[in-house]
S.K.: 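For reference, the structure I am asking about is given below.
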Amino acid sequence: MAPTFGKCFTFCCAETSPEGDEMATESYEAAIKGLNDLLSKKTDLGNVAAEKIKVLTQELKELDSSNNDAVERIKSGFTHFKTEKYLKNDALFSDLAKGQSPKFLVFACSDSRVCPSHILNFQPGEAFVVRNIANMVPPFDQKRHSGVGAAVEYAVVHLKVENIVVIGHSCCGGIKGLMSIEDDAAPTQSDFIENWVKIGAPARNKIKEENQDLSYDDQCNKCEKEAVNVSLGNLLSYPFVRAAVVKNTLAIRGAHYNFVKGTFDLWELDFKTTPAYAFS
Amino acid sequence: MVVSSISRKKPSLYNALAKSQNPKFLVFACSDSRVSPSHILNFQPGEAFEIRNIANMVPLFDKTQHSGAGAAMEYPITKLNVENILVIGHSRCGGIKALMSIEDDAAPNKSVFIENWVKIGTSAKNKIKEEFKDLSFEEQCTHCEKEAVNVTLGNLLSYPFVRERVEKGKLALRGAHYDFVDGTFELWELDVKTTPAFAFS
């Protein structure tokens with residue numbers, strides 16, 4: 001299998017035509033020639049070939065329209081951004097071209113319905129955003145969780161954000177997956193999903209124990225919020241987070257966006273050490 | 001704190017989304033505050049499942065070291081059946097700059113996590129440093145931002161659930177580069193196919 005890169009588009013102000021059409025035409029013509037050669041020797045295959053060609057033609061029509069749809073959607077999306085935002089905010093984008101200084105590090109779920117730019121109206125430059133399944137922050141682990149670690153390190157140490165917000169949400173598929181795990185020791189049914197959402201296992205255990213009388217859906221709703229608290233606690237396992245929180249240069253908050261009701265809950269994590277007693 | 005209802009302006013959209021999501025796109029974008037796909041591609045709620053991390057990287061299939069990336073792909077591809085994957089690199093990427101600044105891969109890291117993560121793109125860095133020796137560091141970084149997207153597109157194929165859908169024509173893979181200095185957006189596709197096999201006997 002030799003992957004190749006084809007059909008490059010550049011969207012600025014002009015359209016560029018796709019490349020690679022010549023090569024595609026050559027291989028198609030060779031294939032048609034091969035088919036014609038075969039059918040001229042074996043004429044009884046004509047009907048079979050006709051049926052298969054009809055199916056192939058239909059498949060290619062659907063593929064072509066879905067490919068064109070995707071490219072058109074991307075192109076029209078960028079054009080909208082360019083004309084409505086980029087060209088109308090020259091000063092902002094000139095500044096952003098030089099550097100970023102966001103005040104927020106935001107963890108949000110990858111769910112298509114909960115983008116922080118929509119629900120909190122963050123503008124370009126305001127929020128450094130990490131999005132993963134169920135908006136989880138795993139505990140410090142240089143081997144198993146370098147992705148989240150790198151994002152937290154960059155935001156806290158290099159960009160020096162002042163706020164971290166972890167946003168859970170309603171109808172979260174990842175939390176539902178977590179709540180559906182009956183037995184932690186059983187073999188997983190997925191390649192990755194269960195191992196990842198098990199980061200929130202303490203939340204699931206707590207909710208299942210304290211809310212045995214609630215419906216499954218209500219338990220999931222509570223777990224969405226409790227899992228945020230697990231993530232907030234996990235944030236403190238990163239030494240650079242802890243140091244900034246203790247110095248009061250970093251605030252940590254949890255949130256829950258409910259798109260069924262249209263509500264947004266926000267809470268803080270209070271973390272402090274008392275002065276030490278000195279025994280001698 | 002209660003936010004005034006957003007569903008007032010688009011009730012039918014939000015009612016439908018409350019029941020389920022059916023995004024056509026799985027998008028990888030950098031966590032950089034300047035490159036939210038909702039802004040630059042005007043994605044509306046429900047359109048795009050988004051994964052955002054440092055330098056928009058996808059590591060090779062690895063259940064132990066990279067369960068986060070794997071989970072974030074497994075869900076939209078196998079449960080939501082997204083039809084398009086889009087990996088978007090961008091100008092002035094701090095993660096790519098960090099990658100390009102690594103002089104010696106064997107030297108001890110200066111960071112706790114960052115270098116280990118961006119080293120996913122090492123083959124891009126090596127290719128650019130070799131092919132563009134005469135360019136400035138900044139120009140090399142720009143080339144690396146795009147080549148690292150290609151490394152990620154290749155890494156995507158190390159996930160069986162991606163490969164089988166690409167082979168069947170059910171999933172399209174595209175790379176992109178958003179340049180907020182120039183205001184441009186490049187888009188390209190990854191063509192993957194197997195030729196019919198020769199059968200020797």
Side-chain angles (χ1 to χ4, degrees), chain A residues 1 3-12 63 66-67 70 74 77-78 80-82 85-86 93 96-97 100 102 110-113 115 117-118 124-133 142-144 146-151 153-154 173 190-193 195-196 259-260 262-266, chain B residues 1-3 5-7 14 17-18 21 23 31-34 36 38-43 45-54 63-72 74-75 83-84 94 111-114 116-117 150 154 169 172 180-181 183-192 194:
Chain A
M1 210 153 57
T4 58
F5 300 103
K7 290 193 233 147
C8 187
F9 303 90
T10 300
F11 304 136
C12 39
L63 181 69
S66 90
N67 272 348
I74 293 167
F78 182 71
H80 183 272
F81 162 72
K82 181 87 186 263
K85 273 194 133 83
Y86 186 86
F93 284 96
L96 292 179
Q100 57 171 334
S110 294
D111 189 301
S112 64
R113 301 165 285 191
C115 178
S117 306
H118 293 138
E126 284 200 274
F128 195 84
V129 177
V130 176
R131 294 185 71 181
N132 61 36
I133 296 283
Q142 283 176 291
K143 181 154 189 219
R144 292 168 64 217
S146 58
V148 172
E153 185 179 8
Y154 192 75
S190 62
D191 278 340
F192 292 100
I193 300 173
N195 275 338
W196 174 256
F259 49 68
V260 181
T263 59
F264 190 89
D265 293 344
L266 181 69
Chain B
M1 185 167 116
V2 173
V3 173
S5 178
I6 43 176
S7 60
Y14 285 95
L17 291 178
Q21 58 172 331
S31 293
D32 191 300
S33 64
R34 301 166 282 190
S36 163
S38 301
H39 291 140
I40 67 184
L41 296 180
N42 197 31
F43 281 126
E47 284 200 278
F49 197 89
E50 288 179 25
I51 298 167
R52 294 185 68 182
N53 61 36
I54 295 280
K63 287 197 201 186
T64 310
Q65 294 196 72
H66 293 299
S67 62
E74 190 178 9
Y75 186 75
E83 299 166 0
N84 300 279
S111 64
V112 180
F113 288 101
I114 298 174
N116 272 341
W117 174 255
N150 290 335
F180 50 68
V181 183
T184 58
F185 190 91
E186 282 180 43
L187 179 69
W188 61 93
E189 296 193 13
L190 182 71
D191 269 335
V192 179
T194 50

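Letters A, B, ... mirror the listed sequences (proteins, then strands); counts begin at 1. These numbers come from a predicted model, not from an experiment.
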S.K.: Is any side-chain heavy atom of A:Asp191 closer than 4.5 Å to a side-chain heavy atom of B:Glu74?
M.R.: yes
S.K.: Does A:Pro102 reach the side chain of B:Arg34, with side-chain heavy atoms less than 4.5 Å apart?
M.R.: no
S.K.: Under a 4.5 Å heavy-atom cut-off, does chain B meet the side chain of A:Ala127, its backbone, both or neither?
M.R.: backbone
S.K.: For the CZ atom of B:Phe49 and the CZ atom of A:Arg131, what is their distance to the nearest 0.5 Å?
M.R.: 8.5 Å
S.K.: Could you check whether any side-chain heavy atom of A:Gln142 comes within less than 4.5 Å of a side-chain heavy atom of B:Val112, counting everything from C-beta outward?
M.R.: yes
S.K.: Do you know which two heavy atoms are closest between A:Phe259 and B:Leu17, and how far apart they sit?
M.R.: CE1-O, 3.8 Å
S.K.: Work out which heavy atom in A:Ala150 is nearest to a heavy atom in B:Trp117; give both atom names and the distance.
M.R.: CB-CB, 3.7 Å
S.K.: For A:Lys143, is it the side chain, the backbone, both, or neither that has a heavy atom closer than 4.5 Å to a heavy atom of chain B?
M.R.: both
S.K.: First locate atom OG of A:Ser146, then atom CD1 of B:Ile114, and finally report the distance between them rounded to the nearest 0.5 Å.
M.R.: 11.5 Å
S.K.: Using heavy-atom distances under 4.5 Å, tell me whether B:Ala48 contacts chain A through its side chain, its backbone, both, or neither.
M.R.: backbone
S.K.: What's the spacing between B:Ser36 OG and A:Phe128 CZ if we round to 0.5 Å?
M.R.: 13.0 Å
S.K.: Find the distance between CD1 (B:Ile40) and CZ (A:Phe78) and round it off to the nearest 0.5 Å.
M.R.: 7.5 Å
S.K.: Provide the closest heavy-atom pair for B:Val181 versus A:Ala97 in the form atom of the first, atom of the second, distance.
M.R.: CG2-CB, 4.1 Å
S.K.: Under 4.5 Å, counting heavy-atom pairs only, tell me which of A:Gly125, A:Gly147, A:Cys115 racks up the most with chain B.
M.R.: A:Gly125
S.K.: Would B:Gln21 and A:Asp111 count as a side chain to side chain donor-acceptor pair (under 3.5 Å) if you check the C-alpha gap in whole Å, the side-chain angles of each, and the deciding distance to 0.1 Å?
M.R.: CA-CA 8 Å; B:Gln21 58 172 331; A:Asp111 189 301; 3.2 Å; yes
S.K.: Hey, could you give me the CZ/CG distance between A:Phe81 and B:Asn42, rounded to the nearest 0.5 Å?
M.R.: 10.0 Å
S.K.: Suppose we screen for ring pair (Phe, Tyr, Trp, His ring centres under 6.0 Å). Which residues come up paired with B:Phe113, at least two apart in sequence or across chains?
M.R.: A:Phe140, A:Tyr238
S.K.: Given a strict heavy-atom distance threshold of 4.5 Å, which part of A:Tyr86 is in contact with chain B: side chain, backbone, both, or neither?
M.R.: side chain
S.K.: Heavy atoms, side chains only, cut-off 4.5 Å: are A:Ser110 and B:Ile51 in contact?
M.R.: yes
S.K.: With a 3.5 Å cut-off and no angle check, do the side chains of A:Gln100 and B:Ser33 form a donor-acceptor pair?
M.R.: yes
S.K.: Would you mind checking which part of A:Glu126 comes under 4.5 Å of any heavy atom in chain B, side chain (CB onward), backbone (N, CA, C, O), both or neither?
M.R.: backbone
S.K.: State the OG-CG distance between B:Ser67 and A:Asn132, to the nearest 0.5 angstrom.
M.R.: 10.0 Å
S.K.: Determine, step by step, whether A:Ile74 and B:Leu187 satisfy the side chain to side chain contact (heavy atoms under 4.5 Å, CB included) criterion, reporting the C-alpha distance in whole Å, the side-chain angles of both residues, the deciding distance to 0.1 Å, and the verdict.
M.R.: CA-CA 9 Å; A:Ile74 293 167; B:Leu187 179 69; 4.1 Å; yes
S.K.: Quick one: closest heavy-atom pair of A:Ala70 and B:Asn84, and the distance?
M.R.: CB-OD1, 3.4 Å
S.K.: Side chains of A:Glu153 and B:Ser111: does their closest heavy-atom pair fall under 4.5 Å?
M.R.: yes
